[in-house]
Protein chains: 2
Amino acid sequence: MKTKCCDTHISEEEAQNLLSENGISRTKIKTSILLLLSKSKKPLSASEIYQKIGPKNCDISSIWRTLKKFHEKGITRELNLGEDFFRYELKDSHDEQDHHHHHVRCRDCGDIKQLEECDLSAFDKMFSKLGFKKMEHYLEFTGICSKCS
Amino acid sequence: MKTKCCDTHISEEEAQNLLSENGISRTKIKTSILLLLSKSKKPLSASEIYQKIGPKNCDISSIWRTLKKFHEKGITRELNLGEDFFRYELKDSHDEQDHHHHHVRCRDCGDIKQLEECDLSAFDKMFSKLGFKKMEHYLEFTGICSKCS
DNA sequence: GATAAATTGCAATTGACTTGCAAAAAAATA
DNA sequence: TATTTTTTTGCAAGTCAATTGCAATTTATC
Ligand SMILES: [Mn+2]
Ligand SMILES: [Mn+2]
Ligand SMILES: [Zn+2]
Ligand SMILES: [Zn+2]
């Protein structure tokens with residue numbers, strides 16, 4: 001039920017293993033980003049990661065390239081929470097269609113909470129539990145159409 | 001059930017009335033954009049609108065300002081279908097939490113289909129009806145948190 | 001350790017979207 | 001209708017997330 005997404009605090013060794021398992025070179029930046037994502041209580045944006053790593057310690061373009069690679073390899077999930085940039089979070093290995101979660105973001109203060117699982121009928125209860133009101137939801141689908149499959 | 005969103009073909013007069021009803025000046029550009037949105041079978045991006053109106057007939061900045069105003073006034077809905085830009089569609093007057101629809105976009109060819117209504121349990125059937133497979137969905141929420149309300 | 005392959009920093013670039021300003025058009029007033 | 005006030009428009013410049021080419025550095029492979 002608990003995903004690797006947030007607040008997991010993986011170790012440096014675990015991070016490096018994750019990289020190797022996915023055929024990604026074990027570099028300092030890539031390890032740092034994995035650690036940051038696992039420590040964070042909410043999905044992070046590229047520039048938040050950049051700030052945390054320290055602008056002196058790496059270039060923002062390297063962060064973008066890393067995030068892109070992580071996404072290609074399926075290590076992370078790319079989220080649009082109604083801001084004008086993406087946020088990224090770790091995916092759990094068994095994180096699939098039927099096991100994943102979503103988020104709530106306050107349209108006022110921007111605070112982000114994680115929902116426990118994806119079962120839309122249950123969302124209303126979670127919102128009141130979290131103290132969120134005036135909910136709006138964003139839901140769209142992508143897939144492969146008949147012409148393309 | 002059918003919304004004003006697509007394929008409605010409102011008349012120029014209807015478009016201008018819609019503008020007046022919402023306290024927006026009845027200009028040529030604004031009328032054109034309304035007509036285009038009502039004629040389109042799928043939500044349009046700013047640059048698609050720009051191409052259709054003709055780069056000689058107006059400036060892209062005017063289109064952006066118009067789309068922003070429409071959105072403020074609640075005439076349109078702004079959609080993120082997993083592309084790196086927004087799409088816009090007309091909202092129906094009684095289009096609320098409990099009466100709206102979503103879309104499917106092909107990750108291969110980009111084709112976009114409109115779903116009939118928002119009832120997630122029913123989506124699977126619609127996807128097979130539409131011939132879409134390998135579905136992915138994007139769902140996130142915004143709301144007002146306890147601190148802010 | 002030597003060599004091949006991937007990653008990095010830096011600087012330049014793209015593309016969506018915004019903004020200031022003066023001219024033009026629309027709305028409000030008379 | 002004529003005049004005044006308000007809003008919109010075009011144009012040009014700017015912002016900011018995200019991408020890219022290239023040479024230097026680091027990591028993987030042998
Ligand atoms: Mn999460
Ligand atoms: Mn639609
Ligand atoms: Zn879900
Ligand atoms: Zn819905």
Side-chain angles (χ1 to χ4, degrees), chain A residues 12-13 15-36 43-73 75-88 110, chain B residues 12-13 15-36 43-73 75-88 110:
Chain A
E12 190 161 335
E13 201 185 333
Q16 297 193 328
N17 288 341
L18 189 55
L19 292 174
S20 298
E21 285 163 20
N22 287 277
I24 304 170
S25 11
R26 305 157 65 127
T27 72
K28 202 171 181 181
I29 291 184
K30 286 172 180 163
T31 308
S32 306
I33 295 183
L34 281 185
L35 291 177
L36 279 176
L44 298 174
S45 68
S47 84
E48 282 173 342
I49 293 172
Y50 185 47
Q51 297 312 320
K52 284 173 195 287
I53 290 186
K56 296 148 198 159
N57 300 320
C58 90
D59 191 81
I60 186 77
S61 69
S62 304
I63 291 179
W64 281 115
R65 280 187 272 228
T66 298
L67 290 174
K68 195 178 176 187
K69 175 145 288 188
F70 284 180
H71 190 237
E72 283 166 16
K73 296 289 185 176
I75 299 182
T76 54
R77 196 183 296 117
E78 190 180 57
L79 304 175
N80 178 336
L81 275 80
E83 298 156 306
D84 62 342
F85 49 82
F86 286 111
R87 291 183 175 275
Y88 301 83
Chain B
E12 190 161 335
E13 200 185 333
Q16 296 193 328
N17 288 341
L18 187 55
L19 292 174
S20 298
E21 284 163 20
N22 287 278
I24 304 171
S25 15
R26 304 156 66 127
T27 73
K28 201 170 181 181
I29 291 183
K30 286 172 180 162
T31 309
S32 308
I33 295 182
L34 281 185
L35 291 177
L36 279 175
L44 297 173
S45 68
S47 84
E48 283 173 340
I49 293 171
Y50 184 47
Q51 297 311 320
K52 284 174 194 285
I53 290 187
K56 297 148 198 159
N57 300 320
C58 89
D59 191 81
I60 185 79
S61 69
S62 305
I63 291 178
W64 281 114
R65 280 188 272 228
T66 298
L67 290 173
K68 196 178 175 186
K69 175 146 291 187
F70 284 0
H71 189 237
E72 282 167 16
K73 298 288 185 175
I75 299 182
T76 55
R77 196 183 296 114
E78 190 180 56
L79 304 175
N80 178 337
L81 275 79
E83 298 157 306
D84 62 340
F85 49 81
F86 286 111
R87 292 183 175 274
Y88 300 84

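The chains referred to below are lettered A, B, ... by the order of the sequence lines, with proteins before strands, and numbering in each begins at 1. Hydrogens, waters and symmetry mates are skipped; everything else that's a heavy atom, side chains included, is used.
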Earlier contact from the 5' end, DNA chain C, for B:Lys28 and B:Ala46: B:Ala46

Contact summary for A:Leu18 and A:Ile75, nearest pair of heavy atoms: CD2-CG2, 4.2 Å

Rounded interatomic separation in angstrom, taking OH from B:Tyr50 and P from C:dC17: 15 Å

Touch class at under 4.0 angstrom, heavy-atom based, for A:Lys56 against every strand present: nothing

Smallest separation among heavy atoms of B:Glu12 and B:Leu35, with atom names: N-CD2, 3.9 Å

Whole-Å gap separating C1' (C:dA16) and CG (B:Leu44): 16 Å

Minimum heavy-atom distance B:Ile60-B:Ser47, with the two atoms named: CD1-CA, 4.3 Å

Most 5' of B:Pro55 and B:Gly23 on DNA chain D, judged by nearest nucleotide: B:Gly23

Contact list for residues 18-28 of chain B, test side chain to side chain donor-acceptor pair (under 3.5 Å), sequence neighbours left out: B:Gln16-B:Arg26, B:Ser20-B:Arg26

Outermost nucleotides of DNA chain D that come under 4.0 Å of a non-hydrogen atom of chain A: D:dA17 to D:dA28

Residue pairs passing the salt bridge (charged side-chain N to carboxylate O under 4.0 Å, His left out) test where at least one lies in residues 46-72 of chain A, sequence neighbours excluded: A:Glu48-A:Arg87

With sequence neighbours excluded, residues passing side chain to side chain donor-acceptor pair (under 3.5 Å) with A:Glu78: A:Tyr88

Of B:Ser20 and B:Tyr88, the one whose closest DNA chain C nucleotide lies more 5': B:Tyr88

Overall bend - the helix from C:dG1-D:dC30 to C:dA30-D:dT1, comparing terminal axes fitted on five pairs, nearest 10 degrees: 50°

Spacing of A:Ile29 atom CD1 relative to C:dA6 atom P, expressed in whole Å: 17 Å

Smallest separation among heavy atoms of B:Leu67 and B:Thr76, with atom names: O-OG1, 4.3 Å

Whole angstrom value for the distance that separates C1' of C:dA5 from NZ of A:Lys69: 11 Å

Nearest-0.5 Å distance, OH of residue A:Tyr50 to CD1 of residue A:Ile33: 12.0 Å

Nearest-0.5 Å distance, CG of residue A:Leu44 to CD1 of residue A:Ile63: 10.5 Å

Would you tabulate the pairs of protein nitrogen or oxygen atoms and nucleotide nitrogen or oxygen atoms of nucleotides 18-25 of chain C closer than 3.5 angstrom?
from, atom 1, to, atom 2, distance (Å)
C:dG20, O6, B:Arg65, NH1, 3.2

Side chain to side chain, B:Thr66 and B:Ile49, heavy atoms closer than 4.5 Å: no

Between CD1 on residue B:Ile24 and CZ on residue B:Phe70, distance to nearest 0.5 Å: 5.5 Å

